[in-house]
Amino acid sequence: MSKDRRRARRKPRPLLVAALGWFVLIVLLSGVGALLAVGANGPADPRLAPLVTVRDPAVAAEFGEVAFRVTPAVGSAIPGSTEWCALLADSDLERQKGLMGRSDLGGYDAMVFRFENDTDGTFFMRNVPIPLSIAWFNASGLFVSSTDMEPCPPDQAECPTYPPGGVYRFALETPKGGLERLGVAPGSVLSLGGACTSPAA
């Protein structure tokens, strides 16, 4: 009698498993369809889509801000330039401070160091807690060189310095690896505008 009951209970299981399998398949296909539909509405090159962020007004008050564009090199695969918003280090004090003690850019795309005259001064990373990438541009905005820079703790006796590949008038810093998103590469051109199109929150 117990054997008959077990058989009776087992008979519906293949039907239940098949139904569950069809349900899982339908859910997966719906998910793939939704992903394709959303992806089709995305930008042609998602690397160039500006990040939607809220900029910190306290950081802007400390440094100021400036709109900028990076025009890709002729023949580049990157399609055209996009307007970005940067913190602006425009005085000796602001340039000396840079991103010291900051773990992010407060919602900005980069920090721009602007100098009154051509210079070949080096950069260093004392008390900067995050790795950065930097690119230098000459007075005409033409790309000079770029490199990655690693943090240097304040208790370290000497910090490495990072020299440019030639004289420059502007330096552009981003979190490490961020230059490509902005279109910065050999042959690219930096141009600074006025205020950013949308104000800090």
Side-chain angles (χ1 to χ4, degrees), residues 47-73 78 80-149 151 161-201:
R47 292 174 304 164
L48 297 179
L51 295 179
V52 179
T53 55
V54 176
R55 299 194 300 274
D56 186 342
V59 181
E62 187 177 353
F63 285 102
E65 63 180 31
V66 65
F68 71 97
R69 287 182 177 271
V70 178
T71 304
I78 300 172
S81 60
T82 300
E83 186 170 288
W84 308 93
C85 186
L87 291 167
L88 178 62
D90 208 22
S91 68
D92 285 339
L93 186 61
E94 290 168 348
R95 290 190 292 263
Q96 287 168 15
K97 182 173 183 180
L99 294 172
M100 284 185 177
R102 295 201 57 83
S103 58
D104 60 56
L105 275 74
Y108 288 84
D109 299 298
M111 172 173 270
V112 170
F113 295 78
R114 181 166 60 188
F115 295 82
E116 295 82 10
N117 301 298
D118 288 345
T119 179
D120 60 358
T122 60
F123 277 66
F124 66 97
M125 292 281 285
R126 180 174 298 282
N127 201 23
V128 179
I130 57 171
L132 300 174
S133 294
I134 185 170
W136 293 275
F137 298 85
N138 69 16
S140 300
L142 297 174
F143 177 90
V144 173
S145 65
S146 65
T147 193
D148 293 330
M149 305 186 294
T161 57
Y162 300 89
V167 295
Y168 64 92
R169 187 73 63 90
F170 309 98
L172 181 75
E173 285 185 348
T174 68
K176 187 175 180 179
L179 294 177
E180 182 181 358
R181 181 177 74 91
L182 303 177
V184 175
S188 60
V189 181
L190 173 73
S191 56
L192 302 185
C196 296
T197 52
S198 58

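Note that the structure is a prediction, hence the values are computed from the model and not measured. Computed over heavy atoms, backbone and side chain alike; hydrogens, waters and symmetry mates excluded.
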Would you find a donor on one side and an acceptor on the other, under 3.5 Å apart, between the side chain of Asp120 and the backbone of Val167?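 Not at all, since once roles are kept as given, no pair shorter than 3.5 Å links the two residues.
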Is there a donor-acceptor pair under 3.5 Å between the side chain of Arg95 and the backbone N or O of Asp90? yes
Quick one: does [X]'s side chain get under 4.5 Å of [Y]'s, heavy atoms only?
| X | Y | result |
| --- | --- | --- |
| Asn138 | Arg169 | no |
| Leu105 | Pro175 | yes |
| Pro151 | Val128 | no |
| Val70 | Phe143 | no |
| Arg102 | Val59 | yes |

Taking every non-hydrogen atom, the tightest pair across [X] and [Y]:
| X | Y | value |
| --- | --- | --- |
| Ala195 | Ala67 | O-CB, 3.6 Å |
| Val189 | Leu142 | CG2-CD2, 3.6 Å |
| Ala89 | Met111 | CB-SD, 4.4 Å |
| Pro186 | Ala73 | O-CB, 3.5 Å |
| Gly121 | Pro164 | O-CD, 3.6 Å |
| Gly141 | Phe137 | O-CD2, 3.2 Å |

Indicate the ring-plane relationship of Phe123 and Tyr168, choosing parallel, tilted or perpendicular according to the 30° and 60° boundaries. tilted
Looking at [atom1] of [X] and [atom2] of [Y], how far apart are the two atoms once the value is rounded to the nearest 0.5 Å?
| X | Y | atom1 | atom2 | answer |
| --- | --- | --- | --- | --- |
| Phe124 | Tyr162 | CZ | OH | 11.5 Å |
| Trp136 | Ser146 | CH2 | OG | 8.0 Å |
| Ile134 | Met149 | CD1 | CE | 4.0 Å |
| Asp56 | Glu65 | CG | CD | 11.0 Å |
| Arg114 | Leu88 | CZ | CG | 5.0 Å |
| Glu173 | Leu87 | CD | CG | 10.5 Å |

Residues that Phe63 engages under ring pair (Phe, Tyr, Trp, His ring centres under 6.0 Å), provided they are two or more places apart: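 Scan of Phe63 (ring pair (Phe, Tyr, Trp, His ring centres under 6.0 Å), adjacent residues dropped) gives none.
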side-chain contact (heavy atoms from CB on, under 4.5 Å) for Thr174 and Val184? Distances and angles first, verdict last. CA-CA 11 Å; Thr174 68; Val184 175; over 6 Å; no
